[in-house]
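Structure, as C-alpha cells:
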Amino acid sequence: MDISKNNKILEVKNLKTFFYTDAGVVKAVDGISFDLKFGETLGIVGETGSGKSVTALSILRLIPQPPGKIVDGEILFDGKDLLKVSNRELQNYRGNRISMIFQDPMTSLNPVYTIGNQIMESITIHRKLKKKDIIKESLKLLEMVEIPEPMKRLNNYPHEFSGGMRQRVMIAMAIANSPSILIADEPTTALDVTIQAQILELMESVKIKTNSSIIIITHDLGVVAKYASRVMVMYAGKPVEFSTVNNIFYRPLHPYTMGLMESITRLDEEKKEELKPIKGSPPSLMDLPEGCIFRVRCKYAIDKCRKKYPPLIEAIKGHKVACHRAYEFLKGNLKNID
Amino acid sequence: MENISEIDELTTEKKYSRSSLYKDAWRRLRRNKLAMLGLAIVIILILIAIFAPLIAPYDPIERIKKDSSLSPGKAYFFGTDLLGRDIFSRVIYGSRISIEVGIVAVGISVVIGLFFGALSGYFGGISDIAIMRMADIFFAFPYILGAIAIMTVLGPGIVNIFIAIGILGWASFARIFRGSILSIKNKEYIEAARALGANNYRIITKHIFPNSMAPIIVYATMNVGVAIIVEAALSFLGLGVQPPTPSWGKMLAESLDYIDIAPWMMLFPGLAIVITVLGFVLLGDGLRDAFDPKLK
C-alpha cells in the first residue's frame, strides 16, 4: 500500500453530492475536502441534515441514484479515485478495503438469517475459503468483538440479540476482511449510554488489532472528544472547521463551532454557566443563503459575510476554517459578545 | 477456541439457510384449525389426482350403455351420466385436470410475475413505468373474458389453458412482488449488504427474495383456487378440455339439460369444485395470518 509517501490512506477532494428532487436540487454535500491518516480516528460532526451521512455513503458510492448524484470531486483511496472505478471493481472495495457500520443495529441485520450466516456471507463475498475455515474465521471474529459463547451464538437469529450485541455483530461483519478504513455512521446513536461506551472502546481496540483507520460520524461531541484525533465540523453540507480535537474544543475559530461548544455541558470549567443554544435553525439545503451559509445565525456577521462565501482556508498550520473573521478570533480581537 | 471436531459437527449438522420466518409461520399455521383443514383438503386432493387409476372403480371414458343415467347407488356411488359413464370415476379423474391447471398455470404466473416484479421494483425507472403500465392493461381485462379471448385465439386444449391462465395472472404477482421489494430495498440491512460488497444478484436472491416471498406464497395459494374455477368455466363453455377427457367444468356443462331429472350429474362435479377451491382458499387465508408477525 502506498501510504508511506504522505501517510494518507484516504483523501477526499471537493466532494459534491446533490439530490435532484421535484422540489429542487438539494445540495446535501457541497465541496467537502478532508484526508484520513493511517491509523487515525477522524470525527465528522454536525447536526441532523448537515450532510455527515451523505459524505460517508458517498465514499463507497452508496448514494441511491436517482435521486442522488455525486456531481464533482475525487475520493482517493490508496491513490485510486473511487469515483472513477467501475461498479464491479467498487464491489471489491466495499466491505473488503473499506467497511461501514450503520446507525441502527436493529434494522441492519437481515431478520431471516442467523448471524453466523451473515458473518460468513461477508467473508465469502470477498474470499474463497473452505467452509470449515470460514466458520473458524467467524468464530474468531465473534471472539474479537467479545461476544460470549461464539459457538452457540453463531446459530442465533438477530432477534435473539440485544442492540449492543447486534452492533458487535455488525462490527464483526465490517472487520471480517480486515479493511483499511472503517466508516462508522453514528454507531452508538441507537444504543443506551453504557453500551455506547462499550461499543466505542471495542471499535478502538479493533482499530488497533486490525491496523485500520476509522471515520466516526456523530452528533455527539463527547464521543468525538474522547475517540477522535482530528475533527471536521459540518454545517449545511459544507465543512466549516477542520482541525485537531484540542483546537476544536479549546480554540475554535468558527462561530458555529463556538456555538456548539457553548451548547454542551463542560465538566472541566470552573465557572458554571447556563447553556447557550445557537439561535435559529439550519437553512434549507434547497435554498441556501448567499454569502456565508451561517451568517443568518451568526452574531459576528459583517457586510462581507453577506456577499462572499468564505473558503475553507488554513488559518494556522493544521487548523482549517471557513470564516471571514477567523484571523480576528485568532488574534483575540473579537471577544465573545452576547 | 473450540476444537475442530465440534466445528465439523457444526458444518455437517446445521443448515444455515433455515429461516426463522418460515419456521414461525409453520408453527402459527399449525394452530389454525381452518387452515389445517384446507391443507388436508389440498393434500388429499393431490393424492387423489396422483392415484386416480387406483381409486376409480371404472374407466372414466368407458360407456356402459345399459347403465345409462342411473342414480347414485351401490354399483355407482355417484350414479352414471347419459352415456353410461361412472360419475365417481370421472370426478376422481377430473381432479387431475383441475390440480394440473391450478398448479402449472399459477406457476407460470408466479415465474413471469416475479421476474417482471423484481425488474420493476428493484431497478425502477423506465422499466418500472413500462412494466406497471403493461400490468394495468392486463388488469383492465376481466379475468374470464381475457381467458375466453386467448382460448379463442389459441384453440381449446389443456396446454393452451395453462398458457391463457398463466399469462393472465402475472400482473397481480408482479405488483405484489414490486410492492414488497419497494418496502424492503430501502431497509438498512440491504444497504449494509451493499456496503459489504454484495452485487445486485446476491442482494436480490439472498436478501430480498426470502424477505418478500410470504405475500407471494399466500397469493399463489389462493390463486390456485381461482385458476381451477377459470378452467372449469372455460371447459363449461367448451373452450377448455375436450371430451371425452373428464373435467369438472365439462361435466357441469353436459349435465345442464338434465338438472330436473338427474341432479346427481351436476351435484358431484359441482361439489368437487367447491371443496377444492375452498381448500386452497382456507389454506391461503391461514398462510396470510401465519406470515403476519403481528398476530404472534
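Here is the naming used below: chain letters follow the sequence lines, and residue numbers restart at 1 for every chain.
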Please state whether the side chain, the backbone, both or neither of A:Q118 comes within less than 4.5 Å of a heavy atom of chain B.
neither
If you tally heavy-atom pairs under 4.5 Å between each of A:M106, A:H126, A:Q103 and chain B, the highest tally belongs to A:H126
Is it true that, when you exclude B:M134 itself, more than 12 heavy atoms of the residues, nucleotides or ligands shown sit nearer than 6.0 Å to its CE?
no
Count the heavy atoms belonging to other residues, nucleotides or ligands that lie under 6.0 Å from CZ of B:R133, then report whether that count exceeds 12.
yes
If you count heavy atoms of other groups shown closer than 6.0 angstrom to NZ of A:K69, is the number above 12?
no
Do you know the tightest heavy-atom contact between B:A192 and A:F102?
CA-CE1, 3.4 Å
Out of curiosity, B:R202 CZ to A:T124 OG1, how far, rounded to the nearest 0.5 Å?
5.0 Å
If I compare all heavy atoms of A:I125 with all of B:G197, which pair ends up nearest, and what's the gap?
CG2-O, 3.5 Å
Ranking B:H207, B:E188, B:K187 by heavy-atom pairs under 4.5 Å to chain A gives rank one to B:E188
Does a sphere of radius 6.0 Å around CD1 in A:I208 hold more than 12 heavy atoms from other residues, nucleotides or ligands, not counting ones at 6.0 Å or beyond?
yes
A quick test of your reading: do over 12 heavy atoms of other residues, nucleotides or ligands sit less than 6.0 Å from OH of B:Y143?
yes
Portion of A:M173 that has a non-hydrogen atom of chain B nearer than 4.5 angstrom:
both
With a 4.5 Å cut-off on heavy-atom pairs, point out which of A:N87, A:I101, A:N110 contacts chain B the most.
A:N110
For A:M100 and B:A195 the tightest heavy-atom approach is CB-CB, 4.1 Å
Got a sec, which residues hit ring pair (Phe, Tyr, Trp, His ring centres under 6.0 Å) with B:F138, two or more places apart in sequence or on another chain?
B:W170
Below 4.5 Å, heavy atoms only, C-beta onward: do B:L196 and A:E121 meet side chain to side chain?
no
Could you tell me if the side chain of A:L57 sits less than 4.5 Å from the side chain of B:E191, heavy atoms only?
yes
Working to the nearest 0.5 Å, report the span between CG of A:N92 and CG of B:N199.
10.0 Å
Looking only at heavy atoms, what is the nearest atom pair of B:Y189 and A:S108, with distance?
CB-O, 3.2 Å
Just so I understand: if I count every heavy-atom pair under 4.5 Å between each of A:N96, A:L60, A:D104 and chain B, which residue has the most?
A:D104
